[in-house]
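Below: the structure, in structure tokens.
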Amino acid sequence: MRKSLLLLMVLAFFAVDNASAQLEKHQATFIYNFTRLVQWPELYKEPTFVIGVLGSGEEITKELKDGMGSRTVAGKNIEVVELSSATEAANCHLLFVPNRSLNSFSRMAAAISNRPVLVVTENQGRQPQGSVINFSVEAGKLGIRLDEELAQTKNLMVSSQLANFSR
């Protein structure tokens, strides 16, 4: 009986882990689509387009790097970096904040509040302060919420296609 229970727990762990990996793969796809549906001010002056992930060892970082291929944003090469401080986040065009790093983000949000950084979070329930786009899973489907007012404040031009897709 104990062996059966242990086997069941191990199988459940791998099922959840696999679902999580699928979630990050979908989030990475969405993030790359955001790069096509948002315009950053004066992007032409930058040598690369930087996608930052708050925290280290995040699965989404691997998914973003694996899915990058030869993609570009406005003709700029993409660089995916893991971040640990507010000063690093200020150099990003897009910042992804995993759920487990939301507390760290609240401390650094002020440092990038006046910068044209597209902040993407993943939080069930309410959208975190400072987040332009928030991922959430409802009824088993990944969706997004867009704070258009915050995007405008940050001088980010969001396409109507992205605004219409948001809940």
Distance from Glu148 atom CD to Thr153 atom OG1, nearest 0.5 Å? 11.5 Å

Where the side chain of Asn155 meets the backbone of Pro41, is there a donor-acceptor pair that is under 3.5 Å apart? no

Side-chain contact test, heavy atoms from C-beta onward, threshold under 4.5 Å: evaluate it for Val80 versus Thr61 and give yes or no. yes

Worked check of side chain to side chain contact (heavy atoms under 4.5 Å, CB included) between Leu64 and Ile31: CA-CA 8 Å; Leu64 286 166; Ile31 287 170; 3.9 Å; yes

Short side-chain to backbone donor-acceptor contact, Lys76 and Phe49, under 3.5 Å: no

Taking Lys154 for the side chain and Ile112 for the main chain, is one N or O donor matched with an acceptor at less than 3.5 Å? yes

Between the CG atom in Leu162 and the CD1 atom in Ile133, the distance rounded to the nearest 0.5 Å is 5.0 Å

Nearest heavy-atom pair of Cys92 and Val117: which atoms, and what distance? O-CG2, 3.3 Å

Walk me through whether Glu46 and His93 qualify under side chain to side chain contact (heavy atoms under 4.5 Å, CB included). CA-CA 10 Å; Glu46 305 293 328; His93 294 92; 3.5 Å; yes

Donor-acceptor under 3.5 Å (Gln127 side chain, Ser131 main chain): yes

I'd like to check the side chain to side chain contact (heavy atoms under 4.5 Å, CB included) partners of Ser104; sequence neighbours left out, ordered by chain and number. Leu54, Arg107

Given 3.5 Å as the limit, does a donor-acceptor pair link the side chain of Arg115 with the main chain of Ala90, or not? yes

One pair to check against salt bridge (Lys or Arg N to Asp or Glu O under 4.0 Å): Glu24 and Lys62. What are the steps and the verdict? CA-CA 9 Å; Glu24 276 107 7; Lys62 179 186 176 307; over 6 Å; no

With sequence neighbours left out, the residues meeting side chain to side chain contact (heavy atoms under 4.5 Å, CB included) with Asn77 are Thr72

With ring centroids as reference points, do Phe165 and Phe30 lie under 6.0 angstrom apart? yes

Is any NZ, NE, NH1 or NH2 atom of the basic residue among Glu58 and Arg100 found under 4.0 Å from an Asp or Glu carboxylate oxygen of the other? yes

How about Glu88 and Val81: do any of their side-chain heavy atoms sit closer than 4.5 Å? no

Rounded to the nearest 0.5 Å, what separation is found between the CG atom of Leu142 and the OG atom of Ser136? 7.5 Å

To the nearest 0.5 Å, what is the distance between CD (Glu63) and CG (Leu23)? 10.0 Å

Note, Ile78 side chain near Ile51 side chain (heavy atom, < 4.5 Å): yes

Kindly check if the number of other-residue, nucleotide or ligand heavy atoms within 6.0 Å of CD (Gln124) is above 12? yes

Partners meeting side-chain hydrogen bond (donor to acceptor under 3.5 Å, both in side chains) with Arg71 (sequence neighbours left out): none

How many angstroms lie between CZ in Phe34 and CD1 in Ile144, if you round to the nearest 0.5 Å? 4.5 Å

Evaluate the side-chain proximity of Trp40 to Val38: yes if any heavy-atom separation is below 4.5 Å, no if none is. yes

Which heavy atom in Glu79 sits nearest to a heavy atom in Thr48, and how many Å separate them? OE1-OG1, 3.9 Å

Just jot down the side chain to side chain contact (heavy atoms under 4.5 Å, CB included) partners of Ala151, sequence neighbours excluded, or say none. Val132, Leu156, Val158

Taking all heavy atoms of Ala89 and all of Leu83, pick out the closest pair and write down the distance. CA-CD1, 3.9 Å

When rounded to the nearest 0.5 Å, the distance separating CG of Asn123 from CZ of Phe135 is 13.0 Å

Tell me which one of Val97, Val119, Leu102, Asp147 satisfies side-chain contact (heavy atoms from CB on, under 4.5 Å) with Pro128. Leu102

Which atoms form the tightest heavy-atom contact between Gln129 and Arg126, and what is the distance? N-NH1, 4.2 Å

Side chain to side chain donor-acceptor pair (under 3.5 Å) partners of residues 27-36, not counting sequence neighbours, each pair once: Gln27-Glu122, Asn33-Arg36

Quick one: side chain to side chain contact (heavy atoms under 4.5 Å, CB included) partners of Met157, sequence neighbours excluded? Gln39

